[in-house]
Amino acid sequence: MSWLRALKDTARSGMTVERTPLEPLLALRAAVGLAVVIGAGLALSGPGVAVSSAFGAFMAAIATLQKSWRPRPDLALASGLTLAVSTFVGYAVGSSHTGLFLALLAAWAFAAGMMWAAGPTAGIIASGNVAIMLVTVTLPTSVPQAAGQAAMIAAGGMVQALLIVLFPVRRWGAHRDALADALAAEADYARRLRQDPVAPFDPQPLMKARDAATVTVRQARRRPAELHGARGLAERIRPVLASLADPAVGAPAAGPARDRVRELLAAAGAVLDAAADAIRHGDPVRLPAPDLAVLKSPDTADLLTGAPLRAARRLAALLDDVLETAEPGSGRTADPGESMLRPTLPGLVPLGWKAVRAELRSGSPVLRHAVRLTAVVCAGSLIGQALPFGHAYWAPMASVMVMRPDFSQTYSRAVARFAGTLVGVAVATGIVQLTQPGTYLSGFLAVVSAGLMYGLMRTGYAVAQVFVSAYVVFLLGMGGARWDQTVPDRVALTLLGGLLAMIGYAVYPAWETPRLRTRLADWLAASGRYGAAVLAQYADPAGARRADVREALLAVRDARVAWQDALDRAAGEPVRHRGLSRAAADDAGDALAGLGRCVMLLEAHLPDRAHPPVPGAAELAGALRTATEAGAKAVRERRVPRWDEVGAVVTEWDVPGAGVLRGAAEQLLDSLDEVSNALRP
């Protein structure tokens with residue numbers, strides 16, 4: 001992709017307005033918290049303290065609105081307390097020596113960049129700390145005043161946390177949505193299998209539901225019964241659906257048996273949709289009786305035999321469990337000992353440090369982002385101070401808030417921030433000119449602007465920036481600054497900060513395109529380990545660890561998501577593909593998805609521990625593991641992988657009674673061959 005096209009695409013992406021469900025009560029609660037802090041600051045200490053303390057409540061509310069499964073009060077407290085520390089340390093150093101402050105700013109910016117290793121929420125909170133250090137260092141006049149303002153900023157975060165506890169809005173709503181989305185995705189999968197027996201399935205909803213099911217000890221004790229257990233059932237239903245529909249291991253492609261399979265799949269879709277709706281809204285399950293009748297029909301045994309019949313019976317039993325679990329007040333309790341537990345805030349410190357250390361290596365995109373962010377923020381601070389504008393911190397602040405570890409987000413946010421700033425300051429200036437607001441009216445308008453930003457922030461970055469810019473104009477107006485002292489400076493310095501961010505990425509990029517082969521190789525190797533773990537269950541039903549299959553499956557999903565994310569980022573980069581075109585990448589990805597599906601079919605029919613070992617399964621497991629590891633190395637080295645060893649085992653395999661293993665093994669080999677075909681020049 002050329003640079004011109006990349007710039008056009010990122011600009012268009014930055015200006016896109018998404019249609020997304022609004023959550024006005026969340027926005028109202030956050031705005032009320034901001035209003036309480038501003039009002040208290042005005043009443044107790046005057047406009048100056050009110051302006052500085054508003055930053056804590058404003059940024060803490062933004063932290064609570066991020067896509068995170070951690071309890072929202074924790075996010076507000078973490079944001080408010082770290083902002084307070086940044087404020088006090090910034091003033092204590094910056095008030096005495098400009099050079100020392102620049103060194104401190106560089107250290108803070110580098111740490112903020114590295115915090116992206118711990119996740120986007122941590123990265124956003126850390127970026128806010130750099131921004132507030134740039135702003136609040138200019139406000140206090142003494143160390144005691146700086147300590148007081150830091151205390152007010154921390155209080156702003158505490159106010160937001162307290163409001164969340166006192167006025168919960170749709171408690172457990174995000175967790176309900178995640179689980180309901182997973183069940184609804186499987187319902188859609190069941191219906192698609194009626195027409196396409198080998199239809200693909202995106203595991204993303206199941207992965208999201210797993211993230212949502214990881215809770216703190218306190219959450220585990222309070223979690224509604226219907227949110228405990230349904231996710232595990234959804235995981236077990238997916239391979240059963242696939243095995244029931246696939247002609248290679250299920251019912252024939254045509255005839256009465258296939259008609260019954262279609263009826264079962266339609267009924268399964270209806271049951272899963274009903275369970276999803278009940279969990280999403282906390283209502284009783286409403287299920288049409290005909291669908292249950294299909295699942296319980298006694299003549300299924302006359303139409304299906306062998307593996308398809310076992311799959312049908314297993315599906316009916318699992319759906320019964322889903323309906324029982326989805327019913328409010330089902331009696332299932334959330335025992336913390338049986339839950340996937342999320343660490344406490346203090347427990348996150350060693351985990352975050354471990355994640356950061358893992359990225360302190362050559363070639364790490366997070367490390368490159370940290371270095372790039374540090375250079376841009378320091379350069380922006382120096383340039384802003386050299387220019388004949390007030391509020392010099394706006395240039396580096398714009399840079400730190402738009403910069404992300406990847407190209408597309410950085411460039412699209414830079415464009416969106418400048419465009420949103422233009423519109424926001426124009427609207428706010430017009431209102432100021434018409435109304436000539438005093439201190440309290442300016443504070444009210446600032447709170448309204450912030451509330452609109454909270455409510456609309458997920459519709460697009462440009463929309464959010466319109467209201468952020470208006471908020472800043474009204475907030476500084478509350479402190480006594482005239483619009484003609486702030487508007488020109490903010491527009492010019494925002495443009496400067498965005499340009500610096502874009503130049504920084506162009507000079508010191510972290511392109512994803514050259515790493516696509518590595519991501520694909522990781523997915524291939526993980527798929528081979530998953531297949532080998534499943535085949536080991538057939539080779540030694542009594543001795544193999546069932547947990548190995550689950551661990552390998554989760555590793556495959558992580559590798560697949562990493563590949564898809566990398567592919568999406570690479571699509572917008574102005575970089576040559578270097579031997580892996582988009583078409584080749586898509587074909588290879590489809591082939592690996594097919595490989596995972598073949599292994600999933602085998603997982604759906606794992607033998608019980610009393611079953612005798614299946615001859616040849618151990619040889620196939622060893623050949624698959626060895627071949628995929630060698631194939632992953634070949635992909636990294638830009639060679640076409642070969643599967644001679646796997647092909648020899650499958651071709652010579654003539655084991656009576658192998659059942660589903662034989663058919664799935666042939667599909668597995670076909671998928672591997674498709675990977676090679678996709679990578680041939």
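Everything numeric here is computed off the predicted structure, so don't read it as measured data. We're numbering straight along the sequence, starting at 1.
- One finds the CG atom of L83 at 10.5 Å from the CZ atom of F55 (value rounded to the nearest 0.5 Å).
- When all heavy atoms of A50 and G41 are compared, the pair lying nearest together is CB-C, 3.8 Å.
- More than 12 heavy atoms of other residues, nucleotides or ligands shown are found within 6.0 angstrom of CZ on R550.
- Qualifying side-chain contact (heavy atoms from CB on, under 4.5 Å) partners for D565, counting only residues two or more places apart in sequence or in other chains: V561, R569.
- A salt bridge does not link D211 to R231: none of the charged side-chain nitrogens sits closer than 4.0 Å to a carboxylate oxygen.
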Exercise for the section: Could you walk me through whether R361 and E359 pass the salt bridge (charged side-chain N to carboxylate O under 4.0 Å, His left out) test, one step at a time? Expected result: CA-CA 5 Å; R361 54 180 173 80; E359 295 296 333; 3.5 Å; yes

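- The two atoms that bring A190 and G269 nearest to each other are CB-N, 4.1 Å, heavy atoms only.
- Taking the six-membered ring for Trp and the full ring otherwise, F444 and Y440 have centroids separated by 6.0 Å or more.
- With values rounded to the nearest 0.5 angstrom, S79 atom OG is found 7.0 Å from N129 atom CG.
- Residues I38 and A54 come closest through the heavy atom pair CG1-CB, 3.8 Å.
- No hydrogens or angles considered: nothing links the side chains of Y91 and Q149 as a donor-acceptor pair under 3.5 Å.
- Below 30°, between 30° and 60°, or above 60°: for F58 and Y471 the angle between ring planes is below 30°, a parallel geometry.
- When every heavy atom of M457 is checked against every heavy atom of A464, the shortest pair comes out as CA-CB, 4.0 Å.
- For the atom pair CD1 of I62 and CD1 of I124, the computed distance is 9.0 Å after rounding to the nearest 0.5 Å.
- Residues Y454 and L28 have side chains not in contact (no heavy-atom distance under 4.5 Å, counting atoms from C-beta outward).
- In plain terms, the two heavy atoms of S86 and M133 that are nearest each other are O-CE, 3.7 Å.
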Practice task
Go through the steps to decide whether Q465 and Y461 satisfy the test side-chain contact (heavy atoms from CB on, under 4.5 Å), and finish with yes or no.
Solution key: CA-CA 6 Å; Q465 283 308 303; Y461 192 65; 3.4 Å; yes

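- Note that the CZ atom of R404 and the CZ atom of R413 stand 3.5 Å from one another [nearest 0.5 Å].
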Practice task
Given side-chain contact (heavy atoms from CB on, under 4.5 Å), test S68 with L75 step by step and report yes or no.
Solution key: CA-CA 9 Å; S68 173; L75 296 177; 4.0 Å; yes

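- Within 6.0 Å of the CZ atom in R170, the count of heavy atoms belonging to other residues, nucleotides or ligands exceeds 12.
- Here L65 contributes atom CG and T121 contributes atom OG1; the two are 11.0 Å apart, rounded to the nearest 0.5 Å.
- For the pair W172 and Q219, the minimum side-chain heavy-atom distance is below 4.5 Å.
- The aromatic rings of Y411 and Y505 lie perpendicular to each other, with more than 60° between the two planes, well past the 30° mark.
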Practice task
Show the numbers, then the answer: is there a side-chain contact (heavy atoms from CB on, under 4.5 Å) between L272 and I237?
Solution key: CA-CA 10 Å; L272 290 168; I237 286 173; 4.1 Å; yes

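- By the 4.0 Å N-to-carboxylate-O rule, D181 lies close enough to R280 to be salt-bridged with it.
- At least one donor-acceptor pair under 3.5 Å links the side chain of S399 to the backbone N or O of G497.
- S127 is listed as a side-chain neighbour of W116, based on a closest heavy-atom distance under 4.5 Å.
- Residues forming a side-chain contact (heavy atoms from CB on, under 4.5 Å) with T459 (at least two apart in sequence, or on another chain): V17, T20, L22, L456, V463.
- Stacking of R29 on the aromatic ring of F167 is not recorded, the 6.0 Å distance cut-off and the 45° axial limit not both being met.
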Exercise for the section: Give the intermediate values and the outcome of side-chain contact (heavy atoms from CB on, under 4.5 Å) for residues V89 and W108. Expected result: CA-CA 11 Å; V89 172; W108 235 248; 4.3 Å; yes

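- Both the sub-6.0 Å distance and the 45° axial angle are satisfied by R490 relative to the ring of W394.
- Atoms CZ and CH2, on R560 and W563 in that order, are 12.0 Å from each other to the nearest 0.5 Å.
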Exercise for the section: Quick one: do E235 and R557 satisfy salt bridge (charged side-chain N to carboxylate O under 4.0 Å, His left out)? Show the steps, please. Expected result: CA-CA 13 Å; E235 293 274 7; R557 289 180 177 174; 2.8 Å; yes

